Amino acid sequence: MSLTATLAPVLATSPANAAPAAAAPSVASSSAALPPAAEGAALDRYTKQKPRWKRCESTAPAEFRCATIKVPLDYRVPGGKRIDLAISRIRSTAPGKRRGVLLSNPGGPGGQGIYMPLALREELPQSARQTYDLIGFDPRGVGRSSPVTCDLTPDEEDWLRPYKKETFAEDVAWARRVADKCREKAGATLPHITTRNTARDLDLLRAVLGERKISYLGYSYGTYLGAVYTQLFPGRADRFVLDSAVDPARAWRGMVQWWAWGAEPAFDRWTGWAAARSETYGLGDTPKKVDRTFWELVARAEEKPIELDGLLVTGDDIRIGMRAAVFSPRTATEAFVELKKAADGQPAAARKLTAFTGNTGAARKTADVPQDNMTASFWAVVCGDNSAAWPRNPERYRQDAIADKGRYPLFGDFASSIKPCAFWNPSVERATDVNNRTGSLIVQNEWDSQTPLPSAQALHKDLKGSRMVTVLGGEGHGVYPSGNACTDGTVTGYLLTGRLPAKDVTCRATAGSNADARQNRKQDELPGSPLPERAPDRF
């Protein structure tokens, strides 16, 4: 999901305001959805709200309606500060066939979901449109839902920093500065912008909508949100589809590091693909020669950056771009060939170079949303969900970055080097232990740059009542719907009937399916989705 992705740290509270460990709600049991003080009557003021639906925008379809409800900032203190939760709805096209509501999340953390119903209206089959009201929402702290900010500059939002001995001290200072600025700006709010609280918001929204259960379609980070919901509220989960899945045990440093691990087999696959087509592309007639061609260009660009449309592309930029591109060999090859042309002073096809120049499409502008909102809300979740996953000693990051650059040369040092989470206070709550038998359907491409196949397999193991659909040869981040009769039929059948496959399903990528990935569509964006422009390297 610009070569530099933006992120945003969970700001832990200052020690004086941090909740004592004993006060944190239990996470071991699925029944511990809320601490006792927040159950029952304490939430009545919220669950009895009546949304005032209105047209979302003058230019939007009339049936696309929006509203705002209130949720507690801190569910342990429901009588305290309240924040906004922006929601949207497109009603079922056949009220007589309506089953309930289908909530959705596009990924992130930090992704706006308010426009998801518009995207799904175009993508879902008519039968599913008849079965569900489509419900979207901006997660707490994001977009229209009381957006958070750290007042970060664009340079401070740039987190993809390769390990270099001579710049590591500067990178540590940057990470500390980001953490400090976020704490100063929103230290009382950011500790509560977490996945567990967003799951609680979803259950409060369920009650406001008058539904006994919810169905759910979550992509990428949205799979983790869905899994946490099933852990906290297993009796209120109806039909859950988790597409391109996060391993809960690796939230979140481990997931960032898996980007590096997953890129290496994809890189090897790419060198073999390009070598087999050496007469067409001229990168080398063996995988070893293609590998050499790649790293020679990286070295050249480190000495003299390549100019592309007024941008200077360094060797590190090439590594960042190829990290995601190699999961689609044709896309990677065509982009790399054009990059070589530019390096040699020849005209290059700009449309094939988005892996290195970023996507220039206009983002949807939302009024009153701070420019660093996606970054601030991202770090809030990534650091705040599980602060224990992030080492506190910068030296540990330095050692890990050096080791992982050797193991995973394409991206290892980017993934393992210092992040602002190193300077956060402990999380308000412990991480959620996902381990339940709630029924759900996990869908995963074999070649996914953001959530590698083993990540989905790990979630499948945690959700013992789940089934999994694996698309062999499938490329890209996000599967359903893709035009593949096997995958689309399995997922749609589950959404319509509630019956999971008797056993796990293996599909094969077909011509025409996953086409958007082959065309280098932005990561973490649904096909045809009007979602805001997102940074490429997210879950």
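Remember, it's a predicted structure, so these values are computed and weren't measured experimentally.
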query = Can we call the ring centroids of Tyr229 and Phe240 under 6.0 Å apart?
reply =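 Ring-ring flag for Tyr229/Phe240: true, centres closer than 6.0 Å.
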
inquiry  = Suppose we call two aromatic rings close when their centres sit under 6.0 Å apart. Are Trp252 and Tyr221 close by that rule?
reply    =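 Yes, the ring centres sit under 6.0 Å apart.
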
message = Which heavy atom of Tyr46 sits nearest to which heavy atom of Gly80, and what is that distance?
response =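 Smallest heavy-atom distance, with atoms named: OH-O, 4.4 Å.
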
request  = Mind listing the closest non-hydrogen atom pair of Glu157 and Leu152 along with its distance?
outcome  =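 Taking every non-hydrogen atom into account, CG-CB, 3.9 Å.
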
Main-chain N/O of [Y] paired to [X] side chain as donor or acceptor, under 3.5 Å:
X	Y	result
Asn373	Pro147	no
Thr497	Gly493	yes
Tyr216	Gly222	yes

Between [Y] and [X], is the closest basic N to carboxylate O distance under 4.0 Å?
X	Y	value
Asp368	Arg144	no
Asp151	Lys185	yes
Glu211	Arg206	no

With sequence neighbours left out, what residues match [X] under side-chain hydrogen bond (donor to acceptor under 3.5 Å, both in side chains)?
X	value
Lys213	none
Arg45	none
Trp447	none

ask   = Does Arg129 have any salt bridge (Lys or Arg N to Asp or Glu O under 4.0 Å) partners at least two apart in sequence or in another chain, and if so, which?
value =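 With neighbours one apart ignored, the set is empty.
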
request  = Output all residues satisfying side chain to side chain contact (heavy atoms under 4.5 Å, CB included) with Thr68, sequence neighbours left out; order by chain, then residue number.
outcome  =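 Residues passing side chain to side chain contact (heavy atoms under 4.5 Å, CB included) with Thr68: Asp84.
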
request  = Not counting sequence neighbours, which residues clear ring-ring contact (aromatic ring centres under 6.0 Å, His included) with Phe327? List them please.
outcome  =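 Per chain and number, Phe327 pairs via ring-ring contact (aromatic ring centres under 6.0 Å, His included) with no residue.
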
